[in-house]
Amino acid sequence: MPIRAFPSVGHRAIVRRSSGSRVTPLSEQTILITGATDGLGRHLAEHLARSGARLLLHGRDAKRGADTVRAIHAATGNARLEFVQADFASLAEVHAMASSLAAEFPRLDALVNNAGIGSGGRGAAPRALSSDGIELRFAVNYLAPFVLTRALLAVLERSAPARIVNVSSAGQQALDFDDLMLERGYSGWRAYCQSKLAQILFTFDLAAEMRGKGVTVNCLHPSSLMPTKMVLQAYGHTLSTIEQGVEATARLVTDPAFDAVTGRYFNVLREAKAEPQAYDTAARRALRAATERMAAIRA
């Protein structure tokens, strides 16, 4: 069965305006979506494919990637779809993917950091490590997007105006800088919430760095308990629809109303306040320093 289309969601945003007078049609843009073979990422990809945009669709499994490209092509008629492969539990693979993209694509109008791993249900998931020895949820949900984003910043700056959208969560928990890897008191829920807050700290930190360079950086909680495989496995029920998540995410990627909006956290369609630590500049500096040490493992 083909994935659902969303003809009523966000199609008013068919162009993006630069800081000058040039209008960039969405059909001429190149957009990278991570975690695009399932869940929100896949539905967002089909939605954006209907505009004619060139889409780079990331996943970790080649067969699922090929199946996704074929399905979205069949549903939308858009042939400008390319699959890019990397396992976000491996920094070596993230670096290889970023290097390949930077070499092959001179333009990148938007990066949607959507790939992630869930909590496994409250307290149910055992502690696991990435191939680099990093706590798995921290590695996949935060460290890999950090490494990928920083590796592609030069391309995004050359393509300005450009956008970075980080798909985070309303599930947030303050980071313990004495135990970032959660070697004490581990739970899958705590690991998930910490990784998602780290993503928000990164958003605010990078937005400040990119201010005036034509690259906006925002994050959002797309919707609560959408009917995705990750949610159903962990909770067995849903509260919202994929359409709501697509609408909330797509507008940050394409809507001209957000051309100058940066460094914000949104809860679905409304700007919201994140966990207080996100606004602590000392915490953001500490996280960046710790992250750069971890990223240096495979730099």
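In what follows, every heavy atom counts, from backbone to side chain, and hydrogens, waters and symmetry copies are set aside.
- Separation of atoms CG (N141) and CD1 (I117) is listed at 7.0 Å; rounding is to 0.5 Å.
- The backbone N or O of T34 sits less than 3.5 Å from a side-chain atom of N114, completing a donor-acceptor pair.
- G39 approaches I242 most closely through the heavy-atom pair C-CD1, 4.4 Å.
- The cationic atom of R288 (NZ for Lys, CZ for Arg) does not lie both less than 6.0 Å from the six-membered ring centre of F146 and within 45° of the ring axis.
- The shortest side-chain heavy-atom distance between H221 and Y265 falls under the 4.5 Å cut-off.
- Looking only at distances, no side-chain donor or acceptor of D109 sits under 3.5 Å from a matching main-chain atom of I31.
- The two residues P222 and T249 come nearest to each other via the heavy atoms CB-OG1, 3.8 Å.
- Between L48 and I33 there is a side-chain heavy-atom pair separated by less than 4.5 Å.
- In terms of modelled atom types and a separation under 3.5 Å, the side chain of D179 and the main chain of E183 share a donor-acceptor contact.
- Contact of the R107 side chain with the V155 side chain is not registered, since no non-hydrogen atoms from C-beta on lie closer than 4.5 Å.
- With hydrogens and angles left out, the side-chain atoms of E135 and Y142 include no donor and acceptor closer than 3.5 Å.
- The list of ring-ring contact (aromatic ring centres under 6.0 Å, His included) pairs with a residue in residues 52-78, not counting sequence neighbours, reads H58-F88.
- The main-chain N or O of E28 is never found under 3.5 Å from a side-chain atom of R54 such that the two would form a donor-acceptor pair.
- The closest side-chain heavy-atom distance from I164 to L206 is below 4.5 Å.
- The side-chain heavy atoms of Q173 and K196, taken from C-beta on, include no pair separated by under 4.5 Å.
- Remark: side-chain polar atoms of R163 are not paired, donor with acceptor, to backbone N or O of V112 under 3.5 angstrom.
- In this structure the side chain of T262 never reaches within 4.5 angstrom of the side chain of M210, judged on heavy atoms.
- At least one donor-acceptor pair closer than 3.5 Å links the side chain of T203 to the backbone N or O of Q199.
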Working note: E247 + R251, criterion salt bridge (charged side-chain N to carboxylate O under 4.0 Å, His left out); need CA distance, chi angles, decisive distance, verdict.
CA-CA 6 Å; E247 179 182 15; R251 72 181 194 138; over 6 Å; no

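- How far CG of L153 is from NZ of K213: 8.0 Å, rounded to the nearest 0.5 Å.
- For the pair E82 and L57, the minimum side-chain heavy-atom distance is 4.5 Å or more.
- With sequence neighbours excluded, no residue forms a ring pair (Phe, Tyr, Trp, His ring centres under 6.0 Å) with F105.
- The line from CG of D176 to CZ of R184 is 6.0 Å long, rounded to the nearest 0.5 Å.
- Between the side chains of N113 and T149, at least one donor N or O lies within less than 3.5 Å of an accepting N or O.
- D67 has a carboxylate O that lies under 4.0 Å from a charged side-chain N of K63, or vice versa, which qualifies the two as a salt bridge.
- Here the side chain of Q244 pairs a donor or acceptor atom with the backbone of T241 at under 3.5 angstrom.
- Separation of atoms CD1 (I134) and CG (L143) is listed at 6.0 Å; rounding is to 0.5 Å.
- No donor-acceptor pair under 3.5 Å is formed between the side chain of N267 and the backbone N or O of A170.
- Residues L129 and L180 fall into different hydrophobic clusters, defined by Ile, Leu, Val, Met, Phe, Trp and Tyr side chains chained together at heavy-atom separations under 4.5 Å.
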Does the pair R284 and D280 meet the rule for a side chain to side chain contact (heavy atoms under 4.5 Å, CB included), with working shown?
CA-CA 6 Å; R284 297 208 298 262; D280 183 339; 5.9 Å; no

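- To the nearest 0.5 Å, the span separating CG on L201 from CD on Q172 amounts to 9.5 Å.
- The two residues L252 and C219 have their closest heavy-atom pair at CD1-O, 4.4 Å.
- Within 6.0 Å of CZ on R190 lie more than 12 heavy atoms contributed by other residues, nucleotides or ligands.
- Side-chain atoms of N166 never come within 3.5 Å of backbone atoms of S168 as a donor-acceptor pair (strictly under, hydrogens ignored).
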For R64 and F83: C-alpha separation, side-chain torsions, deciding distance, then whether side chain to side chain contact (heavy atoms under 4.5 Å, CB included) applies.
CA-CA 10 Å; R64 288 181 65 187; F83 175 70; over 6 Å; no

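- Salt bridge R150/E209: present, at least one basic N to carboxylate O contact under 4.0 Å.
- Expressed to the nearest 0.5 Å, how far CD1 of I72 lies from NE2 of H43 amounts to 9.5 Å.
- Contact of the T216 side chain with the V261 side chain is not registered, since no non-hydrogen atoms from C-beta on lie closer than 4.5 Å.
- Using a distance-only test at 3.5 Å, with no hydrogens or angles considered, no donor-acceptor pair links the side chain of S90 to the main chain of D87.
- Aromatic ring pairs are classed by plane angle as parallel below 30°, tilted from 30° to 60° and perpendicular above 60°; the pair F258 and F266 is perpendicular.
- Between L81 and A49 the shortest heavy-atom distance is CD2-CB, 4.3 Å.
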